[in-house]
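See structure below.
In this text the structure is predicted, and so the values were computed from the model without any measurement. Each chain gets a letter, A, B and so on, in the order its sequence line appears, and its residues count up from 1.
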Amino acid sequence: MNIFEQIQTQVQQAFPALFGTAVEIEKITINETLKEFSGDVTLVVFPLLKLTKKNPEESAIIIGEFLLSNNPHVESFNVIKGFLNLVLKDAFWTAFLLEEPMQIPAKNEVVLIEYSSPNTNKPIHLGHVRNNVLGYALAGIFKANGYQTSKVNLINDRGIHICKSMIAWQKFANGETPESSGMKGDKLVGKYYVAFDKQYKQEIETLIATGHTKEEAEKQAPILLAAQAMLLRWENGDAEVVDLWKMMNAWVYAGFDVTYKNLGVDFDKYYYESNTYLLGKDIVEDGLSRGVFYKKENGSVWIDLSADGLDEKLVLRADGTSVYITQDLGTADLKYQDFKMNRSIYVVGNEQDYHFKVLKLILQKLGRPYADGIQHFSYGMVDLPSGKMKSREGTVVDADDLIDDMIAAAKEQTEALGKIDDFTEEEKIALFKTIGLGALKFFLLRVDPKKRILFDPKESIDLHGYTGPFVQYTYARTRSILRKAGSITPLAKSDLAAYALLASEKELIKILYKSNIILAECCKEMNPAKLIDYTYDVAKIYNKFYNDCAILAAEKEIEKKCRLQLTTLTGNTIQRCFALVGIDVPERM
RNA sequence: GGCCGCGUAGCUCAGGGGAUAGAGCAACUGCCUUCUAAGCAGUCGGUCGCACGUUCGAUUCGUGCCGCGGUCACCA
C-alpha cells in the first residue's frame, strides 16, 4: 500500500472514533500537496463536513492531530481553508532510496492484445505506426502490471481490397517485381493499389458520360467487376489467382519485416485472415441454424441488431464470399482456442468503433465465453494539415520515409553538438536510430490515444523540450555521472537517519516514489500517454536537481551517496518506463 | 439526419468536482574556466467553444446549442 492509500485507509478506520459515524472511502479525497503550499499529502475535508458536523478548520485539525500521533511518517500538518496539508518526515522519503524496486505480483489473468493488423495491399504509413507503437506499449504496460500478456498480429491478407492491387498489377505492371524495379515489396504492391483506384475512377467517369448514373457506374466499372470476379476465383481456390496472391503477399511481407524491425515491434503469434475466414463462414452457418442470423432472398446472410440500437448487419455476401466481420468471427474463436484469454484487446482506429460494437454483440449473441472480455482499444487518427491520410490517393506519410527522416534529423543534431566524435561508426548509427525513433515514438505516445494527432510534415518532430530525446538525454546524464563516480561504498540505512533533504532532492524522491502508482493507473486507464508524461516529469525534475545540487562534488560524503543513489534510481526508472513502451535509451549522447 | 468522439495560451498538448488552470514550441532575458547547455531559471501569453442546471465549490458532472471529425457499404 502506498502512502496515499495508507493515510486514506487510516482515516477511514479512525473516523467513527473521531466523529461518531462511518465514512465511505471514496469521500476521503487524498491529493498530492500543491507546490505553493507546504506539505506532501493533502486531505480535502469539504466532502466530510456533513459527517463531521464541524467547520472545515476544526475537522481538519482533528484529523491532523490524529494522524500526527498515530502515523509514524507524519511530521507535522497545517490547515488552510478546507485543506489539511500533511508534512511527512524526511526519513519516510529517504527510506525509499534503499527499498528494493517493488515487484508487482503476477496475476492469473490472460490478456491478449491484437495490434498492427496490416492489409497486404499497401505499405505502412504514419497512422499504422501509431497503431504499432500504441499496441506495443499497451502490451508492455499490461505485462509490467503482472498480466499474462500476449501480442498477436492479424494479417488482412485476403479480400476484395487485396484483389484490387492484384488485378491492377495484372493489367498494368508488365511483370514488374521488387527485383526488377528495385522497389520495396510493400511499396510496389501499394503502387498498384493506387493504380486500381485511378483506373476505377476513370471508368466511372466514362460510364457516367455514356448515360449511367453515378451509382450504377460505381457498381459496374469493369475493373471493379474484374476484382470481384477475382475474389470469387480466389475463394474457389483457382490456382492462377492463388499463385499471384502468394507472390504479391510475399513481396509485401518482405517489406513489412523491414519496417517492423525498424520500429522494434514484435508478436507472439500471427493470424492470417486467409486461414480464419472459412472458420468465420462455419460460424455464420452455425448461427444461421440457431436463428441468430437470417438469410435474405438473394442468399446474403444478416443479423438484426436493431433491438440493441444498431442496424441490420451483413455477415456473408450473396455470392457466398465473406466480408470483414466474417473472418473476425473466425479469428476470435481461434484466438480463444489458442490463448483462453480473459481479455481480448483490439488495437484498432476509432473509425471502426461501430464495427467492434457489432462484433462484440454478435459474439455475445452466439454465446461465446470470451465475448464479454472483448475490448476495442480505439485510438484517434493521425491527420495531416490537409486532412485524412488516404493510401488510395497517395496522400500518406510513409513509415519508412519518416523513420529515415527522423534518424537523419537525429544525426544532424547530434553531430552538430560534437559530443560523440570518439564513437565508432556502428555506435553512431545505433545512437542516431535510438534518438530518431525515440523522438518519433514519444511524439506518437504522448498524446491521449483517444484523440487525433495532427502531424505537419513540414515541421519536423522536435528533439528539444517535451520530447523523447530530452528524456534520453537525462538518462545519458545519469549514466555519465555514475561512470565518473566509479565504485563507492553504497548507501546504508544508518546513513539516512539524520539526513535532511533539500527541496529538489525531495521533489525527485517523490516523483520516483510514484512510478508503480502511475504504472497501475496507465494499465487501468489503458493510457500509455500517462507513462510518457511521467517519464518527462522524472527527467524534468532530475535536471532541476542536477542543476541545484552538486553530486560528485558534494560537500559531505553522505550527500554524495544519497545523490548518487537518486541518480541511479532516476536512470533505472527512465529505462524501465521507456523499455515498456519500446523506446531505447543511450549510455551517451 | 441517427449514433459516437473532440473544442483548454498564437501553435501542439497535459489536467479532469477542490486551493491562484499547467507543459513544450514560438518570442524575449539571464546562466557553461565547475558532474553532458539536447540543460536550468525567468518574462510574455487563458472569459478552459457558448448558455443554463446540479453542488459548499464546475474548466472538470448533466442538458441544450454552436463548431470540427468519425460512422451508419454485399469496403476494410
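- Residue A:C163 is classed as having no contact, given no heavy-atom separation below 4.0 Å to the nucleic acid.
- For the OP1/OP2 pair of B:rG24 and a distance below 4.0 Å, the side-chain nitrogens and oxygens of A:K540 include at least one atom meeting the criterion.
- Using a 4.0 Å heavy-atom distance criterion, A:I160 is classed as a sugar-phosphate-only contact.
- In this structure, A:E215 reaches neither bases nor backbone, as no heavy-atom distance under 4.0 Å exists between it and the strands shown.
- For A:K524 and B:rG16, the NZ to P distance is 12 Å, given to the nearest whole Å.
- Within the nucleic acid shown, A:N55 has no heavy atom closer than 4.0 Å to any nucleic acid atom.
- At B:rC35, none of the side-chain N or O atoms of A:S480 fall inside 4.0 Å of OP1 or OP2 (strictly under the cut-off).
- At a threshold of 4.0 angstrom between heavy atoms, the contacts of A:I435 include nucleobase atoms, whether or not backbone atoms are also involved.
- The side-chain tip of A:R588 does not point at the ring of A:F423 from less than 6.0 angstrom away and within 45° of straight on.
- Considering only side-chain N and O atoms, A:K357 lies nowhere under 4.0 angstrom from the phosphate OP1 or OP2 of B:rC72.
- Nucleic acid contact class of A:R452 (heavy atoms, under 4.0 Å, all strands): sugar-phosphate only.
- Here the separation of B:rG15 from B:rA23, taken at their P atoms, is 15 Å to the nearest Å.
- Remark: the separation of the C1' atoms in B:rU60 and B:rG53 is 15 Å, to the nearest Å.
- Taking for each of A:Q327 and A:K50 the nucleotide of RNA chain B with the nearest heavy atom, the 5'-most of the two is the partner of A:K50.
- By the 4.0 Å N-to-carboxylate-O rule, A:K450 lies too far from A:E525 to be salt-bridged with it.
- A:F470 comes within 4.0 angstrom of the backbone, heavy atoms only, and of no base.
- A straight line from OH of A:Y379 to C1' of B:rG69 spans 16 Å, rounded to a whole angstrom.
- Comparing A:N31 and A:D311 against RNA chain B, the residue whose closest nucleotide sits nearer the 5' end is A:N31.
- A:P56 comes within 4.0 angstrom of no nucleic acid atom, judged by non-hydrogen atoms across all strands.
- Of the candidate nucleotides B:rU71, B:rC40, B:rG18, B:rU71 has the atom nearest to the side chain of A:Y354.
- The partner of B:rU54, taking Watson-Crick or G-U wobble pairs whose two distances both stay under 3.5 Å, does not exist in any strand shown.
- Rounded to a whole Å, the CG atom of A:D448 is 9 Å from the P atom of B:rC6.
- If you measure from atom CZ of A:F442 to atom C1' of B:rA14, you get 11 Å, rounded to the nearest angstrom.
- Its glycosidic angle being more than 90° from 0, B:rC66 falls on the anti side.
- No N or O donor and acceptor, one from the side chain of A:T474 and one from the base of B:rA38, sit under 3.5 Å apart.
- Side-chain nitrogen and oxygen atoms of A:K530 include none within less than 4.0 Å of the OP1 or OP2 phosphate oxygen of B:rG15.
- A salt bridge is defined here as a Lys NZ or Arg NE, NH1 or NH2 lying under 4.0 Å from an Asp or Glu carboxylate O, and A:E505 with A:R563 meets this definition.
- Residue A:K544 contributes atom NZ, which lies 16 Å from atom P of B:rG39 at whole-angstrom precision.
- Residue A:A550 is in base contact, counting any heavy-atom pair closer than 4.0 Å across all strands shown.
- Separation of the C1' atoms belonging to B:rA26 and B:rC4 is 35 Å when rounded to the nearest angstrom.
- Comparing B:rC75, B:rC56, B:rA19 by their closest approach to the side chain of A:F46 singles out B:rC56.
- A:K451 has a side-chain polar atom (N or O) that falls below the 4.0 Å cut-off from OP1 or OP2 of B:rG7.
- Remark: A:R446 is positioned above the aromatic ring of A:Y466, its terminal NZ or CZ atom under 6.0 angstrom from the ring centre and at most 45 degrees off the axis.
- Summarising the geometry, the separation between CZ on A:F356 and C1' on B:rC3 is reported as 18 Å, rounded to the nearest angstrom.
- Rounding to whole angstrom units, CG of residue A:D353 and P of B:rA76 are separated by 18 Å.
- Screening A:L310, A:I303, A:D304 for a side chain to side chain contact (heavy atoms under 4.5 Å, CB included) involving A:S306 leaves a single residue, A:D304.
- Distance, A:R130 CZ to B:rC13 C1': 12 Å, rounded to whole Å.
- Across all strands shown, A:V44 has heavy atoms under 4.0 Å from base atoms, whether or not it also approaches the sugar-phosphate.
- The residue A:Q352 sits close to a base: some heavy atom pair falls under 4.0 Å.
- Annotation: B:rG45 and B:rG10 have their P atoms spaced 11 Å apart (nearest Å).
- With A:I574 as reference, A:T474 is the one residue of A:T474, A:L569, A:T478, A:I583 to meet the side chain to side chain contact (heavy atoms under 4.5 Å, CB included) rule.
- A donor-acceptor contact under 3.5 Å is formed by the side chain of A:T414 with the base of B:rA38.
- Within the 4.0 Å cut-off from OP1 or OP2 of B:rG24, not a single side-chain nitrogen or oxygen of A:Y466 is found.
- If you check B:rC4, B:rC35, B:rA37 against the side chain of A:I481, the one that comes closest is B:rC35.
- Which of B:rA38, B:rU36, B:rA19 sits closest to the side chain of A:T42 comes down to B:rA19.
- By the 30° and 60° cut-offs, the orientation of the rings of A:F545 relative to A:Y542 is tilted.
- By the criterion of a centre-to-centre distance under 5.5 Å and near-parallel planes under 30°, the ring of A:F37 forms a stack with the base of B:rA19.
- Residue A:Y546 is classed as a base contact, given a heavy-atom separation below 4.0 Å to a base.
- Defined by atom type and a distance below 3.5 Å, a donor-acceptor pair is present between the side-chain atoms of A:N78 and A:S38.
- Taking only side-chain atoms of A:F83, from C-beta outward, the nucleotide of B:rG18, B:rA76, B:rA41 with the closest atom is B:rG18.
- Proximity note for A:K484 (side chain, C-beta onward) versus B:rC35, B:rC6, B:rA76: the nearest is B:rC35.
- Proximity of A:H355 to the phosphate of B:rA76: no side-chain N or O atom is located under 4.0 Å from OP1 or OP2.
- At least one cation-pi condition fails for A:K313 and A:W302: the charged atom is not both under 6.0 angstrom from the six-membered ring centre and inside a 45 degree cone around its axis.
- OP1 or OP2 of B:rC75 lies within a sub-4.0 Å distance of a side-chain N or O belonging to A:R317.
- For A:K388, a side-chain nitrogen or oxygen approaches OP1 or OP2 of B:rU71 to under 4.0 Å.
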